[in-house]
Amino acid sequence: MYKIGFDNDKYLSMQSSRIKERISEFGGKLYLEFGGKLFDDYHASRVLPGFLPDSKLQMLLQLKDEAEIVLVISAEDIEKNKVRGDLGITYDIDVFRLINAFESKGLYVGSVCLTKYTATPKVTAFEEKLSEAGIKAYHHYLIDGYPNNISRIVSDEGYGKNDYIETARRLVIITAPGPGSGKMATCLSQLYHENKRGIKAGYAKFETFPIWNLPLNHAVNIAYEAATADLNDVNMIDPWHLDAYGETTVNYNRDVEIFPVLKATFDKIYGECPYKSPTDMGVNMAGNCIFDNEAVESASKDEIIRRYFNAKINKKRGAKNDDEIYKLELLLNNAGITSEDRKCVERAEALARQTGAPAAAIELADGRLITGKTSAIMGCASALLLNSLKALADIEDITLIDPEVIRPIEALKTEHLGAKNPQLHINEILIALSISAVTDENAKRALAQLNNLKNSEMHCSVMLSSVDEKVIKQLGIRLSCNDK
């Protein structure tokens, strides 16, 4: 059953206030490194039910008059055509998507910084596109000895060789299409250049996960490790914070490992570091906005299980990700769960064993469990969709779609479009249901329930087609599939 456990309005208020406080602490200018996604943060909305996917964007809109955005992209990622796994687009294309998205919301995008810069044809073509769009580009370079040779890094031979990014507002948001783009190095380079110009600017980090004031083995934090299992990120107790304050907080390995570099950089630029720990650098207030821990724990455990199934499917499709799967199995164990603790998984797999054919099950947001079996005219996912709509509309177990509507669609697929399997995909079933709804009151009532499928949990005993997966996602259903 779907239950809200996170106060989104409280989060927006607390988070914007905390960032304003941090700006004041540094005398009026702050470089804020934004980890994760600025919008479309569906991971956060899944593990913190009540968190809206665009919450961080809405929070920034409260600060839009004093904020500007600098997008960071690695020239190496442009050259390698690195792709965002969630969207299936390359990082360079995503930069333009992000610029358009930010500007359409009234946020000011000041420039783009190309890190690890070398002039290659692909990089040059990208810069030309930026110029055509009226976006200024700056270059940051690889520094010999980074990140350990502090004396070289914090010098005219290190950060000093980077372009100084001209900024006009007191809050500078440093964000990127994905991890490894060089956001922190960009921030620190700017601090060096600002200091040379007599401007004392500060640095802070906004990273939603892991949540620093939840226990290390809280399901939310384990779900973050599951989400980054391919990167081999590890949550850990912040040893710097424990030593400085005697308090246990949670951070992750990369921030703990880089903190000595950041501290030494601050010491060299300003004479002292304002932070005693990686936790001190953060401004995340999400942990203070959870009001139903049981709901959040349950949602996070479902997320870990979904990540596990997704990794197994990626392996089936050719990924060399054994280490990722092993880690996810370890995380399942750490969370004290198995894959069948997700109710729809247990029900779908049991039905598949009983029928000897692919089966699917869904746990509706109201807690009801519905199943779908494979038939001659439709796959188990399509059958499940119709059964779910009938249940939501309180319709008896009747035939919703007239066979006379289905037959011409089957004929079109097999006789004209070359399909060997006449079974209808979910999008085709929805079209057929829409046609039936013109003359059939039950079909009309069922169709009206589509929005009520949102926040349901679904599992299929076999891999689905990309067409079915896409429609299920568009309906707001959280899907997992077995790797068969």
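Predicted model, so just to flag it, every value in this text is computed and none were measured. Residue numbers run from 1 in the order of the sequence given. Basis for what follows: all heavy atoms, side chains included, without hydrogens, waters or symmetry-related copies.
The closest side-chain donor-acceptor pair between H459 and S480 falls under 3.5 angstrom. Residues T167 and K29 have side chains that bring a donor and an acceptor to within less than 3.5 angstrom of each other. Under 3.5 Å, the side chains of N251 and H241 contain no donor-acceptor pair of N or O atoms. There is a side-chain donor-acceptor pair under 3.5 Å between S151 and N149. For the residue pair E194 and Y31, a side-chain donor N or O sits within less than 3.5 Å of a side-chain acceptor on the partner. Between the side chains of D238 and Y245, no donor-acceptor pair is found at a separation under 3.5 Å. Side chains of T208 and N284: a donor-acceptor N/O pair is absent below 3.5 angstrom, by distance only. With hydrogens and angles left out, the side-chain atoms of H140 and Q190 include no donor and acceptor closer than 3.5 Å.
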task = Begin from the C-alpha positions of L30 and E66 and carry the test side-chain contact (heavy atoms from CB on, under 4.5 Å) through to its verdict.
result = CA-CA 11 Å; L30 180 69; E66 49 193 328; over 6 Å; no
ask   = Can K64 and Y108 be said to form a side-chain contact (heavy atoms from CB on, under 4.5 Å), step by step?
value = CA-CA 8 Å; K64 69 177 183 178; Y108 170 55; over 6 Å; no
Stepwise side-chain contact (heavy atoms from CB on, under 4.5 Å) check, L450 with L389 = CA-CA 7 Å; L450 279 175; L389 293 175; 4.0 Å; yes
request  = For K327 and D323, run salt bridge (charged side-chain N to carboxylate O under 4.0 Å, His left out): C-alpha distance rounded to whole Å, both residues' side-chain angles, the deciding distance at 0.1 Å, then the answer.
outcome  = CA-CA 6 Å; K327 178 166 184 179; D323 288 344; over 6 Å; no
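Salt-bridge annotation for D483 and K315: absent, with no side-chain N of the basic residue lying under 4.0 Å from a carboxylate O of the acidic one. Salt-bridge annotation for K161 and D156: absent, with no side-chain N of the basic residue lying under 4.0 Å from a carboxylate O of the acidic one. With respect to K473 and E469, no salt bridge is recorded, no charged nitrogen being found less than 4.0 Å from a carboxylate O.
Remark: R197 pairs with no residue by the salt bridge (Lys or Arg N to Asp or Glu O under 4.0 Å) rule, at least two apart or across chains. For D255, the salt bridge (Lys or Arg N to Asp or Glu O under 4.0 Å) partners are K205, not counting sequence neighbours. For N334, the side-chain contact (heavy atoms from CB on, under 4.5 Å) partners at least two apart in sequence or on another chain are I222, L330, L331. Listed by chain and residue number, F26, F266 satisfy the side-chain contact (heavy atoms from CB on, under 4.5 Å) test with P274 (two or more places apart in sequence, or in another chain). For E128, there are no salt bridge (Lys or Arg N to Asp or Glu O under 4.0 Å) partners two or more places apart in sequence or in a different chain. Under the rule for a ring pair (Phe, Tyr, Trp, His ring centres under 6.0 Å), the partners of F51 that lie at least two apart in sequence or sit in another chain are F6, Y11. Among residues two or more places apart in sequence or in another chain, the salt bridge (Lys or Arg N to Asp or Glu O under 4.0 Å) test is passed with E21 by R18. For V462, the side-chain contact (heavy atoms from CB on, under 4.5 Å) test picks out P358, C460, K484, with sequence neighbours left out. Remark: Y192 pairs with no residue by the ring pair (Phe, Tyr, Trp, His ring centres under 6.0 Å) rule, at least two apart or across chains. A319 pairs by the side-chain contact (heavy atoms from CB on, under 4.5 Å) definition with N314, N321, not counting sequence neighbours.
Heavy-atom neighbours of D322 CG from other residues, nucleotides or ligands within 6.0 Å: above the threshold of 12.
Checking side-chain atoms of N235 against main-chain N and O of Y252 turns up no donor-acceptor pair under 3.5 Å. No donor-acceptor distance shorter than 3.5 angstrom exists from the side chain of S298 to the backbone of A295, with no hydrogens or angles considered. Distance alone, capped at 3.5 Å, is enough to place a donor-acceptor pair between the N221 side chain and the P215 backbone. A donor-acceptor pair is defined here as one N or O able to donate and one able to accept, closer than 3.5 Å; no such pair exists between the side chain of N310 and the backbone of R306. Checked by atom type and distance alone, the side chain of H425 never pairs as donor or acceptor with a backbone atom of N427 at under 3.5 Å. Under the 3.5 Å distance criterion, the side-chain polar atoms of S13 are left unmatched by any main-chain donor or acceptor of K10.
In this structure, the side chains of R46 and R478 come closer than 4.5 Å at one or more pairs of heavy atoms. Taking the side chain as every heavy atom from C-beta outward, D233 and R254 approach each other to under 4.5 Å. Proximity of Q58 to S55: side-chain heavy atoms (C-beta onward) are nowhere separated by under 4.5 Å. Put simply, the side chain of V172 reaches to within 4.5 Å of the side chain of V70, judged on heavy atoms. No side-chain heavy atom of I69 sits less than 4.5 Å from a side-chain heavy atom of L98. Side-chain contact between R22 and F206 is absent, with no heavy atoms from C-beta onward closer than 4.5 Å. Taking the side chain as every heavy atom from C-beta outward, L61 and K105 approach each other to under 4.5 Å. Between I362 and C344, the closest side-chain pair of non-hydrogen atoms is not below 4.5 Å.
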Please report, to 0.1 Å, the donor-acceptor pairs under 3.5 Å made by any side chain of residues 71-81, with sequence neighbours excluded.
from: S74; atom 1: OG; to: E76; atom 2: N; distance (Å): 3.1
from: E79; atom 1: OE1; to: T120; atom 2: OG1; distance (Å): 2.7

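The shortest non-hydrogen separation linking L63 to S16 is CD2-O, 4.2 Å. P177 and V95 make their closest contact through CG-CG2, 3.7 Å (heavy atoms, listed as atom of the first residue, atom of the second, distance). The shortest non-hydrogen separation linking A360 to L384 is CB-CD2, 3.7 Å. Taking both residues in full, the closest heavy atoms of L171 and I23 are given as CB-CD1, 3.9 Å, listed atom of the first, atom of the second, then distance.
For residues 277-307, there are no ring pair (Phe, Tyr, Trp, His ring centres under 6.0 Å) pairs, not counting sequence neighbours.
Cation-pi contact between K116 and Y141: absent, since separation from the ring centre below 6.0 Å together with deviation from the ring axis within 45° is not met.
Not less than 6.0 angstrom separates the ring centroid of H43 from the ring centroid of Y224.
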